[in-house]
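One structure is given here, and the rest of the page talks about it.
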Protein chains: 2
Amino acid sequence: MSTAGGSPADGGAELETVHLLRRVTIEFGLRQAEFAALHGMHPTDVRALICLLDAARAGTPATAGRLGAQLGLNSAGTTALIDRLERLGHVTRSRDERDRRQVLLTVDARAVELGQEFFGPTLAGMVELLRTFDDREAAAVRRFLRGAYAALAGASLE
Amino acid sequence: MSTAGGSPADGGAELETVHLLRRVTIEFGLRQAEFAALHGMHPTDVRALICLLDAARAGTPATAGRLGAQLGLNSAGTTALIDRLERLGHVTRSRDERDRRQVLLTVDARAVELGQEFFGPTLAGMVELLRTFDDREAAAVRRFLRGAYAALAGASLE
DNA sequence: TCATATTATCTCGCTGAGCGAGGTAATATG
DNA sequence: CATATTACCTCGCTCAGCGAGATAATATGA
């Protein structure tokens, strides 16, 4: 169908998808907040762990400053954040030997486990769902998410 | 982790999609925080406006309590949140005449405009992208997002 | 080499978002 | 009609995150 002329009804289907994405992001945030409360943390702490794990997966060295920038915190807030995570034993600080100004961050294995315990079933549900997609459909989902990221961040992923 | 019987390569493609979604949600949160800072608000205030607009779109009456529940706030925090939004002129309180305990909330038109000014280009970018999808691909994206919401919220949408 | 700028992080003091506890109307229940 | 429940609000407090500024490590230029 999809008459290209941009009738209100047609735009609706696409806007609906965007609204859907927005609701998903809010719900994701709420689950993060729950996980945070469950382990004596704050939503920002969980977001920080996610960023650190993403960096680890991507092979990017995780420094204090980079983390703060990703989370939109200033340096004082970043220091406080890392203090909390370190106090809870979820991350470890270490000096970069190449540039001793920088603080490298590593996520403790136990923190990863806790995350998988909590988010595992949810993420598994999504993976399960994706298995019912054929190649073209799965590729479409990835293409949309990459595009959404680009639209949001003004930068594409890798 | 080791999910069910899929080959490692297969699980990778699906997990990649899920990680992509997670990154998108974090980026969405950052844009919300920027919008908030730009207008003297806080991230929670923006999330609240989104919830109120979603409720309006769905035709659900928006009450103080319901909003607080959606955002994971307790009653004190909810009251403070609505105080802030009302002080900024973004929402209006009114008593429900059916049940005078309840406070109904309506979003001011100006707040909607501000949101569209800021998020319009980003959302338009996503809509544009979606227009390049054929019907089956677009449907796949919606199906994934609905499923993701269900996995996150433990409830499906409508 | 040594002064100077820049970068990366930390410390200090403060503001205010959000919590727990408790209060006050309005509505339900026996 | 007393009592419970619901929906919201007030009060006092804690601590996340901010701005300002300090410190230490690295670049830059004469």
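Every chain is numbered from 1, with letters handed out A, B, ... down the list of sequences. None of the values given here were measured: they were computed from a predicted structure.
Every residue two or more places apart in sequence or in another chain was checked for a side-chain hydrogen bond (donor to acceptor under 3.5 Å, both in side chains) with Asp135(A), and none qualifies. Applying the salt bridge (Lys or Arg N to Asp or Glu O under 4.0 Å) rule to Arg95(A) yields no partners; only residues at least two apart in sequence or on another chain are considered. For Asp96(B), there are no salt bridge (Lys or Arg N to Asp or Glu O under 4.0 Å) partners two or more places apart in sequence or in a different chain.
Within the 4.5 Å cutoff, the side chain of Thr132(A) has heavy atoms near those of the Arg143(B) side chain. For the pair Leu21(B) and Thr17(B), the minimum side-chain heavy-atom distance is 4.5 Å or more.
Where Thr78(B) and Gly72(A) meet DNA chain D, the nucleotide closest to each residue was compared, and Thr78(B) sits on the side nearer the 5' end.
Near DNA chain D, defined here as any heavy-atom distance below 4.0 Å, there are no residues from residues 81-92 of chain B. Residues from residues 94-105 of chain B lying near DNA chain D, meaning a heavy-atom separation below 4.0 Å, are Arg101(B), Gln102(B), Val103(B) in numerical order. Proximity of residues 33-52 of chain A to DNA chain D (heavy atom under 4.0 angstrom from any strand atom) is restricted to His42(A), Thr44(A).
Residue pairs that meet the salt bridge (Lys or Arg N to Asp or Glu O under 4.0 Å) test with at least one member in residues 38-51 of chain A, sequence neighbours left out, are Asp45(A)-Arg84(A). Pairs of residues two or more places apart, or lying in two chains, never qualify as side-chain hydrogen bond (donor to acceptor under 3.5 Å, both in side chains) while including a residue from residues 59-70 of chain B.
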Residues 24-37 of chain B, side-chain donor-acceptor partners within the protein, below 3.5 Å, at least two apart:
| residue | atom | partner | partner atom | Å |
| --- | --- | --- | --- | --- |
| Thr25(B) | OG1 | Arg22(B) | O | 2.6 |
| Glu27(B) | OE2 | Arg31(B) | NH1 | 3.0 |
| Arg31(B) | NE | Glu34(B) | OE1 | 3.3 |
| Arg31(B) | NE | Glu34(B) | OE2 | 3.4 |
| Arg31(B) | NH1 | Leu152(A) | O | 2.8 |
| Arg31(B) | NH2 | Glu34(B) | OE2 | 2.8 |

Could you list the donor-acceptor pairs under 3.5 angstrom formed by side chains in residues 105-118 of chain B, with sequence neighbours left out?
| residue | atom | partner | partner atom | Å |
| --- | --- | --- | --- | --- |
| Asp108(B) | OD2 | Arg110(B) | N | 2.8 |
| Arg110(B) | NH1 | Glu113(B) | OE1 | 2.8 |

Check nucleotides 20-23 of chain C for protein N or O atoms closer than 3.5 Å to its own N or O atoms and list the pairs.
| residue | atom | partner | partner atom | Å |
| --- | --- | --- | --- | --- |
| dG20(C) | N7 | Asn74(B) | ND2 | 3.2 |

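The pair Glu16(B)-Arg57(A) fails the salt-bridge criterion, with no side-chain N (NZ, NE, NH1 or NH2) lying under 4.0 Å from an Asp/Glu carboxylate O.
No continuous path of hydrophobic side-chain contacts links Leu104(A) to Leu85(A) [ILVMFWY only; heavy atoms under 4.5 Å].
Figure legend. dG30(C) is base-paired to dC1(D); pairs are counted as Watson-Crick or G-U wobble with both atom distances under 3.5 Å.
Between the CE atom of Met126(A) and the CG atom of Leu145(B) there is a distance of 9.5 Å, given to the nearest 0.5 Å. Atom CZ of residue Arg146(B) and atom CG of residue Leu129(A) lie 11.5 Å apart, to the nearest 0.5 angstrom. Interatomic distance, CD of Glu14(B) versus CG of Leu20(B), reported as 13.5 Å (0.5 Å rounding). In this structure, the separation between NE2 on His90(B) and OG1 on Thr92(B) is 11.5 Å, given to the nearest 0.5 Å.
Scanning DNA chain D 5' to 3' for nucleotides with an atom closer than 4.0 angstrom to a non-hydrogen atom of chain A gives a first and last hit of dA16(D) to dT26(D).
Contact annotation for Thr63(B): backbone-only contact, meaning every heavy-atom pair under 4.0 Å involves sugar-phosphate atoms and none involves a base.
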